[in-house]
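Take a look at the structure set out below.
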Amino acid sequence: MRISMTVNGRAVSGEVEPRTLLVEFLRNQLGLTGTHVGCDTSQCGCCVVHVDGVSAKSCTMLAVQADGCSVTTIEGLAQGGKLHPLQQAFHEHHGLQCGFCTPGMIMSAADLLQRNPDPTEHEVREWLEGNLCRCTGYHNIVKAILAAAQTMRGMAKAAE
Amino acid sequence: MAEKGIGARVPRKEDLRFITGRGRYTDDINQPGQAYAVFVRSPHAHARIKRIDKAPALALPGVLAVLDGQDVAADGLGNLICGWLVKSKDGSPMKMGKHPLLAQEKVRYVGDRVAVVVAETLAQAKDAAEALVVEYEELPAVVDLAGAHEGPLVHDEIPNNLCYDWELGDKAAVDAAFARAHHVTRTELVNNRLVPNAMEPRAAIGHYDPGQDAFTLYLTSQNPHVHRLVISAFVGIAPEHKLRVVAPDVGGGFGSKIFIYGEECVVLWASKKIGGRPVKWTAERSESFLTDAHGRDHVSRAELALDKDGNFLALRVNTKANLGGYMSTFSSCIPTYLYATLLAGQYKTPAIYCDVQAYYTNTAPVDAYRGAGRPEASFLLETLIDQAAMEMRMDPAEIRRKNFIPKTAFPYQTPVALVYDTGDYEACLDEALRLVDYAGFPARRAQSEKNGKLRGIGISCYIEACGIAPSAVVGSLGAGVGLWESAKVRFTHTGKVQVLTGTHTHGQGHETTFSQLVAEKLGVPYEDVEVIHGDTEKTPVGMGTYGSRSLAVGGEALVRACDKIIAKGKKIAAHLLEASEADIEFRDGKFTVAGTDKSKTIGEIVFAAYVPHNYPAGLEPGMEESAFFDPPNFTFPSGTYVCEVEVDPQTGEVDVVKFVAVDDFGNVINPMIVEGQVHGGLVQGIGQALLEGVRYDAGGQLLTGSYMDYCMPRADDVPSFEVHTVRGTACTSNSMGVKGCGEAGAIGAPAAVINAITNAIGVRVEMPATPERVWRAIQSRPMAKAAE
Ligand code: FES
Ligand code: FES
């Protein structure tokens, strides 16, 4: 089947089988290997991307379901050569170790912050329920997300 | 201190590629002409293979090869090995069951490799794997330690499934001490079996190049040189000089990626079998659960003898350890030399005896998982001490303090083989009690009680032996390899530095830490240092990363390579500055003639070494030095962890409300990275205490085979932590004074959590302390019974 979508702002199309998962299309056909696969039961969140602006587990979606959609992956998050505040905060607050969960964590957190620009620590931890990290103990991930939220609120204010 | 030198909280160099999705993990790599491998695995815990019919699989489109145990045997490939020979009490060597790359005759656990299918696409390989016909004759299985001694034989030639019956310590002295004890505290406990669960599943790409008659293996490894060694010397797929092993970015290991498994070997061999096309395999998470080496799985009896004042007189421990169906690469040393040697803990217990029986069962192999043996020792000792304190009506902090090895007693020879070089256990205890506000606990407990909650506080004072390891020592104990480490420092013409290390970073941040070290030592900008690791073709031979060894052993090799650079630089500087070599001093990147302002920067010296137009006669040009370092001893990080929990008596739910960790890691290069290591270890330890546990059913089927059944700690299961690294006691086994920090959290946390729960509800609950277990324990309390 032929599908077309916008990925990180670029129009792409490709030939897929009906059973091809979105994550397989992104990784294998588009070479966007920043989106990872950490499980086979939709539990780990290593594969989170945005589909039409909303976070989604790309291992749990067929590529054909994203036909005509706009998809953002971790590779498309930095704009104009500038890191997204979440990327910057993960770096500054040591929110990653092996880096395998990181793309999913950041994409998931980005969706949280667009829904709730000023989350509490508790809200951040609850939101991350669908993202596993085995390295960091979550401590610095939570810290990074709270810091990024603050930066983004500051940016939003400055833009007003 | 250089701005980004030793002691600075430098954000990590390696982050940029990961936060932008440009990491390069094994599964991210694709090679032209690549084929895909899928393994056919045993659905039975124990069975004889009666017949394999490859024809239906071979007939399917895209299938390139179907290989089984007979093909492995026909090609004369060797078995996987356990590299540490443990001897039983009677001097006999451990009994190592054969561990073939693909099962021959029998399968010994659910998930055991029976055959591999290689096809043009992954989907075709999967379809063909389903079509392969394997007929089994099911055999009765032995699944847990309770049934192991009398159970059906996992390896027909190994009686009672007993791999070894090992001992350590002075039994007679222990018996004598028990005979005169005022009080004896006794317990039985289980150290629950865990799945390491690095978030990146194992993966490999094997490639045989017929033109070069050479092999390349990309894989998820913590120690690529050890993979190369075993695959070459024991499995025999390729001679060592014709095998390149590359471990690119690796998504966590925690021990599970140390080992030489069958799958990675098979894809390498399969590439040759299909004429030299690359063959790729990536584990699905279900395969990881079934086949990554599990951790822990001990059942122990422990007794502590005390005098009337609460001084420890002796400790007696018997442990049964589950090895699974086969011996994994380092499995034998985990429940012995990495376990029983730690039973002294932080205490001056004069007599200790431990014996360990290791059994085969029809379960996945068990080997090192973060902490490896040391968490088991620490958990046993620290929960036993709390029980003793309770029985003798002593404060848990005070009974520990009373028995600590005093800081004036170092170096200290324990009764279980180790010599601790330095430590100050009281300093960590005091700091932890202060930070947690120990004195204020009764008020917090009363407050919780008002809210209908039971509050408890638990202390755990851990020690670990890491910086693995002095080769002669481990050799005398049965290790088949040396455990030194290597480093090379290479300057370029323009004064930039490449550091090549034999260690491997898979989350630990070596690229940053080692750059800080070199920046400090050589006075070059941190940004000018590039750390290269993980490729046997580029780096010097190294033993890899585990056992919190990379900085304490690998970092010291790096320091020594830098020292050689400085020594050579002095010769060149003396020549250029027309001074005697003895008068040259090196500081902050400058070679200076002592007492003058005549100097040359290290950049000028390096340039002179590569453009030796005006150069000392007889000195080799170039600026590249290597060093190997074999540590004189282990390192001994220690600390005190204090956990506070609130238990809901209605549901049995445990909430970790406070966790304070105070560690003595000696000197610290990058405190930010060190704290991160502790955070991660703590959550693995809390996971073990509250959530995680492998369950097999009576027939040997894995019940906890996915993230839906195996409870991983999630962000909302754990609190934020207070992690403090005290101004430590410098380690004496390396010039930096560092001890290693990778495993501490996982070692110290379980006992702190369990002791806190016991303190809250009055009964000790086995790990994982699930709400159900806690609730039942609450119901079983004498008080609850009385109320009925
Ligand atoms: S890969 Fe685990 S949730 Fe998608
Ligand atoms: S950083 Fe390794 S899994 Fe999160």
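To find a chain, count down the sequence lines: A is the first, B the second, and so on, and within it residues start at 1. What's counted below: heavy atoms across the whole structure, side chains too, no hydrogens, waters or symmetry copies. Keep in mind that this is a model prediction, so the values were computed, not measured.
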Contact origin within B:Arg22 toward chain A - heavy atom pairs under 4.5 Å:
side chain
Point-to-point distance, once rounded to the nearest 0.5 Å, from SG of A:Cys98 to CZ of B:Phe254:
6.5 Å
Which bit of A:Phe100 is near chain B, if near means a heavy-atom gap under 4.5 Å: side chain, backbone, both or neither?
both
Identify which part of B:Ala123 has an atom lying under 4.5 Å from any heavy atom of chain A, answering side chain, backbone, both or neither.
both
Examine whether an atom of B:Ser706 lies under 4.5 Å from a heavy atom of chain A, and if so say whether it belongs to the side chain, the backbone or both; otherwise answer neither.
side chain
Whatever's closer than 4.5 Å to a heavy atom in chain B on A:Thr136 counts as backbone
When rounded to the nearest 0.5 Å, the distance separating CD of B:Glu200 from SG of A:Cys101 is 12.0 Å
Can you tell me which portion of B:Ile673 sits under 4.5 Å from chain A's heavy atoms? Options are side chain, backbone, both or neither.
both
CG/B:Asn30 to CG/A:Asn28 distance, rounded to the nearest 0.5 angstrom?
6.5 Å
Could you check whether the rings of A:His139 and B:Phe721 sit parallel, tilted or perpendicular, using 30° and 60° as the cut-offs?
parallel
Chain A shares the most heavy-atom pairs under 4.5 Å, among B:Pro713, B:Gly23, B:Ala198, with B:Pro713
One option among A:His94, A:Gln87, A:Arg27, A:Glu17 has the most heavy-atom pairs under 4.5 Å with chain B, and it is A:His94
Residues of residues 32-55 of chain A near chain B, each having a heavy atom less than 4.5 Å away
A:Thr33, A:Gly34, A:His36, A:Val37, A:Gly38, A:Cys39, A:Asp40, A:Thr41, A:Gln43, A:Cys44, A:Cys46
Using a strict cut-off of less than 4.0 Å between a Lys/Arg side-chain nitrogen and an Asp/Glu carboxylate oxygen, indicate whether B:Asp717 and A:Arg125 qualify as a salt bridge.
no
Considering only heavy atoms and a distance below 4.5 Å, find which of A:Arg19, A:Met105, A:His84, A:Glu92 pairs most often with chain B.
A:Arg19
Only pairs of heavy atoms separated by less than 4.5 Å count here; which of A:His91, A:Glu126, A:Glu75 has the most with chain B?
A:His91
Would you mind checking which part of B:Glu675 comes under 4.5 Å of any heavy atom in chain A, side chain (CB onward), backbone (N, CA, C, O), both or neither?
neither
So which residues of residues 106-118 of chain A are in contact with chain B at a heavy-atom cut-off of under 4.5 Å?
A:Ile106
Contact list (residues 143-151 of chain A to chain B, heavy-atom gap under 4.5 Å, by number) returns none
Checking the side chain of A:Gln97 only, and the main-chain atoms of B:His506 only, is there a donor and an acceptor separated by less than 3.5 Å?
no
For B:Val250, which atoms come within 4.5 Å of any heavy atom of chain A: side chain, backbone, both, or neither?
backbone
Rounded to the nearest 0.5 Å, how far does OH of A:Tyr138 lie from CZ of B:Arg714?
7.0 Å
May I ask you to list the residues in residues 284-292 of chain B that approach chain A closer than 4.5 angstrom, counting heavy atoms only, ordered by number?
B:Glu284, B:Arg285, B:Ser286
Nearest 0.5 Å, please: how far is CG in A:Leu128 from CG in B:Asp716?
8.5 Å
Based on non-hydrogen pairs under 4.5 Å, which of A:Leu132, A:Asn140, A:Thr102 is most in contact with chain B?
A:Leu132
